[in-house]
Amino acid sequence: MKMKRRLSLILGLLMMLSQVCALAEDGFSTSYTYTYDYWEDVQESPDAYRVATVIDSMTLGLENLDGKRISKPQSLYARGNLLYICDTGNNRIIEAERNGTRFSVRRVISEMTGAAVNDFSDPYDVFADPEGNLYVADYGHQRVTMMDSQLNWIRDYTKPTDATFDQKLNFLPKKLTVDVAGRVYALCQNVNKGLVKYEADGTFSGFIGANTVSISMGEYIWKRYFQTKEQRAQSESFVPTEYENIYIDQEGFIYATNTVFSEYDLKSDSAKPIRRLNSLGNDILIKNDRFPPIGDLQWQEGSDSYGPSKFTDITVMDNDIYVALDRTRGRLFGYDSQGVLLWAFGTRGNVEGAFTGPISVEHMGYDLLVLDQLENSVTLFQPTEYGQAIYDASETYLKGEYDESAELWRSVLKMNANFPLAFRGIGRAILRQDRFEEAMDYFRLAHDRENYGRAFKLYRKIWVEKNIGWVILILAAALIIPLGIGRIRRMKGEVITHERSKVH
Amino acid sequence: MNAARSIETRKADRLARRQRYLESLKYAFHVITHPFDGFWDLVHEHRGTVAAAHTFLILFLLTRVIKLMCTSFQFITAPVQYINVFEEMGSLLLPFLILCVANWAMTTLFDGKGRFRDIYMAMCYALVPYTLIQLPMTLISNGLSYEEGSLYSVMLSISLIWCVFLVFVGLMQVHDYSPGKTFIFLIVTVVGAAVIIFLMLTFFSLLSDAASYFISLYRETFFRLN
């Protein structure tokens, strides 16, 4: 008996195992990709992305080229099918060309021509504009330098001589981005006034997007009235923090990530780890979900990678979906333009699809590239059928093809029934087809109260119109029956008094 | 003959008691609309009954549960899959009773006129508006859309404010206190409740420590003997 039970258990386990294997042929556990549900619980989801290839010095053939392996790379930039890797440790930029999933070195840029100083020292970031001009954040030489596609020097963006820039500080550009008009935005170390902005001709034109300093009333009173001078000098001063990384989207808004904040400010949305800055430097990121885009909502107590997600880089796709890279747990978080989490995946480790020192993320179309500064490698992720279905569905909805988007959302649901956005997408589409009751069901599953209310209002209108006869009948009955009873009672009373009066 | 009469009187007694119970139930409407007068008569003129008070308390607990289960999904964010009905009721009943006990314990020391029975009755009668408003609102919420939610939330706040006001007036009349003194004793009651909870926790943890001591002693002994 016992034997039999054990045997059946093993058989059952085997069957389950074979199913799991069938689902995850590339060796990922099913928990690799996940989302958060309405109750902030982790919901496993099918993989939205899978590793297509890992690019390192070997696959690029750098050893045959000059024998120097990539060392401490700090940044990636992708434009078209060209990928730029900032090989900071070797003071050079590697320009690689993509062919399918294969990358080959096109140029190794270690110097330009025509400048006073032609080589680079600790280049931290690189940017290529549509004309092929290159911008390099030349950290060691305290400049941002610009060159054309033939590597002829054009101009340097150096330390502003303006009084607003503290002249005691060194000019240490770490990240940079350039807008359509050729304005350069540099993120500099030790500068907390925001991004340093230059006009296209190289003149400094101010700072934008400074972090605001927030101080609570209690803190202020404590600091101002109760601390001694010595204490005040020792305690940290209230200065705005620097950003961690920047990215300019196709509309010209700058996405900035911030990693210095208090943990308890995250869910109340006062930490704002991801911001979208307009030209005035105000945060205009849309947050329409239950929780703001902050990465992980909960983390395992006692694990070595404890704490909130810290986004070291961000990239924005053409469909306004942005992907942030978390260095705490080596994860990628994809959010749509409304701030709804689409998927999260990744982990720390040495296997494919895991990172030890993730530092930069870029995108080529829907493909994602993640740079690891400790492994000195770039991982190329390609969307799975599931990931692609999500993109297609949200894009067709934005284009206004609601019926088609509903069909696509249905195909997403087939792969992942725990995806609230899909329910909402279908609900919105069938609401437009005047199927209110069904739409209500979908919105309920999506926990979308506002849209549910909208559908319910229309449903209620039709319900009342259909049942108006009954409603009036019941209301009339509620009014007439008590009146009638009162009248009968009164009549009875009259009869009785009349009878009595007869007796006397 | 005597036996028959006693049956008669018992029947009459039961009838009178039922009459009184129904009267005291109906009296709640007077209490919640005329609290100063109502609470005074409730206790001092014996217009209220403990049975009615029990009824109101049970209705209050049921209302709470029905509210969680049946309110339109647009207005409530309770995680339905995690709700335990008895836990939910207990988490209301226990604080309620502790507050009653704490209030009694504090006010008897400072010449409050109310007995425990009176305090309990006043508190239970004060819960009536909660049932009276929230139960229909639960039904009505199913006919409201998200935008009309303000109506729902306003009614909920009205019911809560009404209840708090009734508790205040009720305790004032039961103990024959001035408003200021009642207010102070409301705060003192909360502190007292905290002390009671602390003592209970200490007591239970000590009890479990003692129990585990004897259990291990027993085990050790038998282990040695064998």
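Just so we're on the same page: letters track the sequence lines, and every chain starts at 1.
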Check: [X]/[Y] side-chain N/O donor and acceptor closer than 3.5 Å:
{"X": "Arg331(A)", "Y": "Tyr34(A)", "result": "yes"}
{"X": "Thr55(B)", "Y": "Tyr21(B)", "result": "yes"}
{"X": "Gln134(B)", "Y": "Ser159(B)", "result": "yes"}
{"X": "Ser337(A)", "Y": "Asp320(A)", "result": "no"}
{"X": "Asp289(A)", "Y": "Tyr36(A)", "result": "no"}

Phe443(A) ring centre to Arg449(A) NZ or CZ under 6.0 Å, with the angle to the axis within 45°?
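Because its charged atom misses either the 6.0 Å distance or the 45° angle limit, Arg449(A) does not stack over Phe443(A).
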Options Trp39(A), Tyr452(A), Tyr38(A), ranked by heavy-atom pairs under 4.5 Å with chain B, top entry:
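That would be Trp39(A).
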What closest approach, in Å, do Leu62(B) and Met89(B) show between heavy atoms, and which atom pair accounts for it?
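Heavy atoms of Leu62(B) and Met89(B) come nearest at CD2-CE, 4.2 Å.
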Can you see which heavy atom on Phe73(B) is nearest to which on Arg444(A), and at what distance?
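Reported closest heavy-atom pair: CZ-CA, 3.7 Å.
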Residues forming a side chain to side chain donor-acceptor pair (under 3.5 Å) with Asn451(A), sequence neighbours excluded
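Testing Asn451(A) for side chain to side chain donor-acceptor pair (under 3.5 Å), a comparison that skips the adjacent residues, returns Asp448(A), Arg454(A).
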Residues of residues 135-156 of chain B within contact distance of chain A, non-hydrogen under 4.5 Å
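Residues Asn142(B), Gly143(B), Leu144(B), Ser145(B), Tyr146(B), Glu147(B), Glu148(B) are the ones that qualify, each having a heavy atom under 4.5 Å from chain A.
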Validation row: Phe168(B), Val164(B) side chains within 4.5 angstrom (heavy atoms)
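No; the side chains remain at least 4.5 Å from each other.
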Count the heavy atoms belonging to other residues, nucleotides or ligands that lie under 6.0 Å from CD of Glu437(A), then report whether that count exceeds 12.
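Incorrect, the count does not exceed 12.
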Pick one of side chain, backbone, both or neither for Arg460(A), based on which atoms fall under 4.5 Å of a heavy atom in chain B.
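Just the side chain, heavy atoms under 4.5 Å.
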Looking at the rings of Phe222(B) and Tyr218(B), which for Trp means the six-membered one, are their centres under 6.0 Å apart?
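Under 6.0 Å, so yes.
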Is Asp13(B) paired with Arg10(B) through a side-chain N to carboxylate O contact shorter than 4.0 Å?
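Judged by the 4.0 Å cut-off on N to carboxylate O distance, Arg10(B) and Asp13(B) do not form a salt bridge.
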Quick check on the structure: residues of residues 461-490 of chain A within a heavy-atom distance below 4.5 Å of chain B, by number.
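Expected list: none.
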Taking heavy atoms only and a threshold strictly under 4.5 Å, list by residue number the residues of residues 400-425 of chain A that touch chain B; give 'none' if the list is empty.
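Result: none.
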Any chance you could measure Ile215(B), atom CD1, to Ser208(B), atom OG, to the nearest 0.5 Å?
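Spacing of CD1 (Ile215(B)) from OG (Ser208(B)) equals 9.5 Å.
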